> 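One structure follows; several queries about it will come next.
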Amino acid sequence: MEDSLRPRPGEVPDKPVIDGLEAIWLERWDDAATYRFDRGASRETIYSIDTPPPTVSGSLHIGHVFSYTHPDVVARFWRMRGRDVFYPMGWDDNGLPTERRVENFYGVRCDPSLPYDPTFEPPEKPENQKVAISRKNFVELCHILTAADEVAFKNLWRHLGISIDWSLEYSTISEHAQAISQRGFLEMLRRGEIYSLEAPTLWDIDFRTAVSQAELEDRERPGHYHRVSFVRANGEGVIEIETTRPEMLASCVALVAHPDDERYRPLFGTDVVTPLFGAEVPILAHELADPEKGTGIAMICTFGDTTDVTWWRELHLPTRALIGRDGRFLAARFGDDDWPTRDPAAARDFYGREIEGKTVNQARTAIVEALRATGALVGDVRPITHPVKFYEKGERPLEIVTSRQWFVRTLDHRAELLARGDEIAWHPDFMRHRYRSWVEGLNQDWNISRQRFFGVPFPAWYPVDGEGEVDFDHPILADVNTLPVDPSSDVPPGYAEAQRHQRHGFVADPDVMDTWATSSLSPQIAGHWGSELFGRVFPMDLRPQAHEIIRTWLFSTIVRSHFEHHSVPFTNTLISGWVLDPDRKKMSKSIGNVVTPMPLLEQHGADALRYWAASGRPGADTAIDEAQMKIGRRLAIKILNASKFVLGRLAGDAIPGPEEVTLAIDRDLLALLGRLIEETTANFEQYDYARALERTESFFWSFCDNFVELVKIRAYGEASDPATRSARATLAITLSVVQRLFAPVLPFVTDEVWHWWHEGSVHRAAWPTTDELGSLADGPPGSIYQPVCDVLEAVRREKSTAKVSQRAAVSRVTLSGPGEFIDAVRAGERDLRDAGVVDSFALSDAHEVTITVALTSP
RNA sequence: GGGCGCUUAGCUCAGUUGGUUAGAGCAGCUGAUUUACACUCAGCAGGUCGGGGGUUCGAGUCCCUCAGCGCCCA
């Protein structure tokens with residue numbers, strides 16, 4: 001501690017208050033650039049954080065307070081440990097959530113076929129009928145709205161005291177992020193880690209885009225089993241199958257049963273004829289056919305579900321695609337080579353009349369009626385409940401539509417990706433299982449194409465030949481030095497704009513990237529990949545995030561880093577749990593139990609909300625608990641008052657150092673303080689901020705209620721008395737340590753009280769070490785202090801039981817116990833006399849400790 | 001179907017490698033009251049640690065099993 005340190009005159013208020021501190025300190029931190037990252041720092045001293053860029057189009061909720069407080073507490077710890085903390089903030093503004101919000105907010109929809117209208121103004125109020133606008137107009141509105149949303153988020157982070165360096169702010173739709181994202185794409189493509197393929201893909205018919213495996217979810221939905229009979233091609237009998245999707249019958253290309261299924265074994269290789277459409281299709285064997293399901297034999301359609309795709313691929317079946325991008329049935333040319341039938345006229349007539357252009361539900365009704373009429377429907381339809389694949393943001397089941405998509409190879413690298421996961425320290429450790437089970441369950445490469453508008457475009461065009469055919473196998477790629485590009489308005493190298501959509505010209509890749517394809521590069525975006533800085537912040541030291549995006553953000557970041565840098569993207573990941581409503585239910589918009597943070601923040605204060613958040617351990621789901629916030633607020637007020645008291649005792653003198661701590665009981669308290677420092681430091685190093693807080697808090701309340709009460713009168717003595725100086729030094733040293741131990745969780749109140757006697761912010765002060773405490777007593781910490789507290793407690797109990805004031809006098813305290821107990825009491829006798837208003841002590845040796853308190857008669 | 005987590009006082013949660021009589025806060029009850037703090041302090045009461053079995057001198061903690069809740073993956 002510096003010699004010149006002393007309470008600063010006029011700084012300690014007579015009546016300290018908690019309200020209003022936030023505005024004062026936010027401004028001071030801005031002015032002093034307290035959280036500014038030192039761009040010249042070396043890799044060894046840097047602690048870098050890969051902050052989650054929140055989806056700004058979603059609404060702010062209390063979960064944001066919870067999960068962003070955790071990494072901030074960690075950041076503040078490492079900053080005090082002397083690390084140069086790289087703590088950027090990003091906004092994830094590209095992607096479907098923003099598009100949907102813009103559509104609803106302005107009452108518009110994007111129609112890419114329309115020309116740009118530079119004079120377009122959105123309707124004042126959104127109408128029911130959405131206004132169709134060009135892609136460029138639409139993207140402009142996306143930018144306007146996300147900019148406004150980002151302000152709301154930034155206000156919350158600031159108000160909460162998140163120690164971000166705002167000069168490191170980025171957004172995923174910015175030109176910088178687009179350039180990084182496009183460069184990442186080109187690099188992977190060059191190395192063969194990305195390929196494009198025209199293939200059956202899970203497709204959302206409402207959003208009209210492909211979706212990836214990571215965006216899927218199974219939902220239990222009611223359905224019906226329909227038993228349908230197929231006549232054998234040789235006329236000898238029928239085969240009955242069961243299906244939940246009879247409307248797909250026209251695209252049936254085979255029947256399939258398990259190879260070991262004795263019922264169907266003799267039939268493998270023979271043909272059957274589809275009802276209504278008269279197509280001859282083979283009976284095949286495949287182990288994915290479940291003998292227990294239905295009749296044990298299924299029809300394969302192109303494509304009713306993902307198993308159909310597997311069968312189609314592995315059994316080399318023809319394609320008869322039926323479902324279009326809008327979810328309606330396409331034309332089917334029965335009688336052509338691709339569409340065999342025994343009766344082209346009948347098949348065409350029925351299909352054209354009842355199926356073509358219809359929705360799935362309409363077609364199902366028509367097919368079921370027709371099957372029933374022809375007798376091919378056997379028995380009654382049977383209701384069932386079964387899992388159906390949905391887009392996580394979608395409302396109708398996914399269809400499978402053939403389209404051209406870009407894919408990242410993940411399946412071939414499963415083992416390496418699993419090994420990367422094992423290189424990372426997970427907090428809590430068990431969360432690594434989430435990653436492992438996801439990677440082990442991968443069943444398709446990562447589809448990064450989305451048929452949407454507000455996102456990062458692929459930096460690619462395709463040549464058009466003399467026949468007007470697009471050559472998708474030879475994309476024209478952007479020069480990496482020209483990034484970012486928008487192929488829909490930029491022209492590929494060697495071409496002119498006039499050649500767009502022309503023979504011997506080019507067309508642009510129409511798609512944008514999956515939002516995760518960009519946010520998976522958050523370390524590269526925030527750390528400015530390509531610049532010298534990147535090598536000093538990457539791999540990041542910490543990735544904080546929520547557990548529900550392990551399979552998306554965390555996984556995809558590992559994929560990119562593995563391919564690009566042959567490294568993990570971060571060495572630690574801190575997984576926060578969910579915030580549950582007060583009834584321990586998950587918050588969700590549909591239930592309507594979402595809690596917004598601002599009213600709570602204004603009512604209880606930022607330190608109080610942070611206290612609540614920091615009480616939730618890593619990975620633990622935590623209920624909103626206003627009682628806990630009130631406790632946090634009370635703690636902050638206690639810190640103010642305790643600081644005021646201790647600094648008041650110093651009477652403007654220079655702060656005494658540890659050499660002044662001469663009394664055994666005082667040295668023992670510092671020994672306990674030393675143990676606290678060691679334990680909480682170890683807790684923080686292991687990302688267990690909640691335990692560190694709990695320990696500090698428990699120490700602090702005991703310090704206030706017991707130690708301060710014991711030494712209060714001694715501390716009021718003459719400065720010439722070594723015992724007084726010892727008390728004051730102990731109080732000051734402990735206060736200094738406790739203020740710093742609380743600083744990561746309670747940044748506002750701790751900087752306020754620190755400022756009463758220090759220059760500079762507590763958040764730039766050194767994390768406490770036991771070196772500050774001087775040489776400590778030999779015995780186990782607490783060997784004097786604890787017995788003295790026990791005696792104090794006995795005195796208090798006696799007074800409480802007698803229902804008299806704690807200041808009532810005690811005539812005699814009679815104590816007996818082992819030698820070390822007696823010695824401890826002797827060491828604290830003066831303080832006990834003061835604090836307990838005790839007249840005399842009688843001490844004697846004994847095996848057992850007994851304490852008897854005799855009150856002075858009134 | 002496979003996996004992970006949780007189950008401790010009325011409520012919210014601690015309980016580190018197995019080791020005195022299982023802890024804290026809140027709520028409850030009984031009191032105190034002015035030189036840091038009524039946004040305070042003291043005291044009291046409250047638990048067969050989800051059920052069952054096992055290992056051990058000793059189990060909230062380790063093993064097996066069952067149940068309930070939540071989640072992840074298929």
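Chain naming here is simple, since letters A, B, ... match the order of the sequence lines and numbering starts at 1 in each. Since this is a predicted model, take the numbers as computed values, not measurements.
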> The side chain of A:R797 is closest to which nucleotide in this list: B:U30, B:C26, B:G43?
B:G43
> Against the six-membered ring of A:Y225, is A:K293 placed for a cation-pi contact (under 6.0 Å from the centre, within 45° of the normal)?
no
> Which of these nucleotides, B:C26, B:C44, B:C73, is closest to any side-chain atom of A:R551?
B:C73
> Starting the side chain at C-beta, find the nucleotide from B:U35, B:C26, B:U16 nearest to A:Y716.
B:U35
> Scan nucleotides 1-3 of chain B against the protein and return all N/O pairs shorter than 3.5 Å with their distances rounded to 0.1 Å.
none

> Choose from B:U40, B:G15, B:C4 the nucleotide whose nearest atom is closest to any side-chain atom of A:R634.
B:U40
> Could you write out RNA chain B as dot-bracket? Rules: Watson-Crick or G-U wobble, both distances under 3.5 Å, brackets [ ] for crossings, | for pairs with another strand, dot for unpaired.
(((((((..((((.....[...)))).(((((.......))))).....(((((..]....)))))))))))).
> Mind checking A:W612 for me? I need base, sugar-phosphate or nothing, with any heavy atom below 4.0 Å counting as a touch.
nothing
> In whole angstroms, how far is the P atom of B:U7 from the CG atom of A:D621?
13 Å
> Taking atom types as modelled, find out whether A:W578 and A:E548 have a side-chain donor-acceptor pair closer than 3.5 angstrom.
yes
> Choosing from B:A36, B:C41, B:G15, which nucleotide comes nearest the side chain of A:D705?
B:C41
> If you only use heavy atoms from C-beta on, which nucleotide in B:C41, B:A14, B:A42 is closest to the side chain of A:R617?
B:A14
> Is a donor from one side chain sitting under 3.5 angstrom from an acceptor on the other, for A:Q739 and A:W757?
yes
> Using only modelled atom types and a 3.5 angstrom limit, is any donor from either the side chain of A:S800 or the base of B:A42 paired with an acceptor on the other?
yes
> Please classify the nucleic acid contact of A:K389 as base, sugar-phosphate, or nothing, using heavy-atom distances under 4.0 Å.
nothing
> Tell me, please, whether A:W553 has A:R543 positioned over its six-membered ring: NZ or CZ under 6.0 Å from the ring centre and within 45 degrees of its axis?
yes
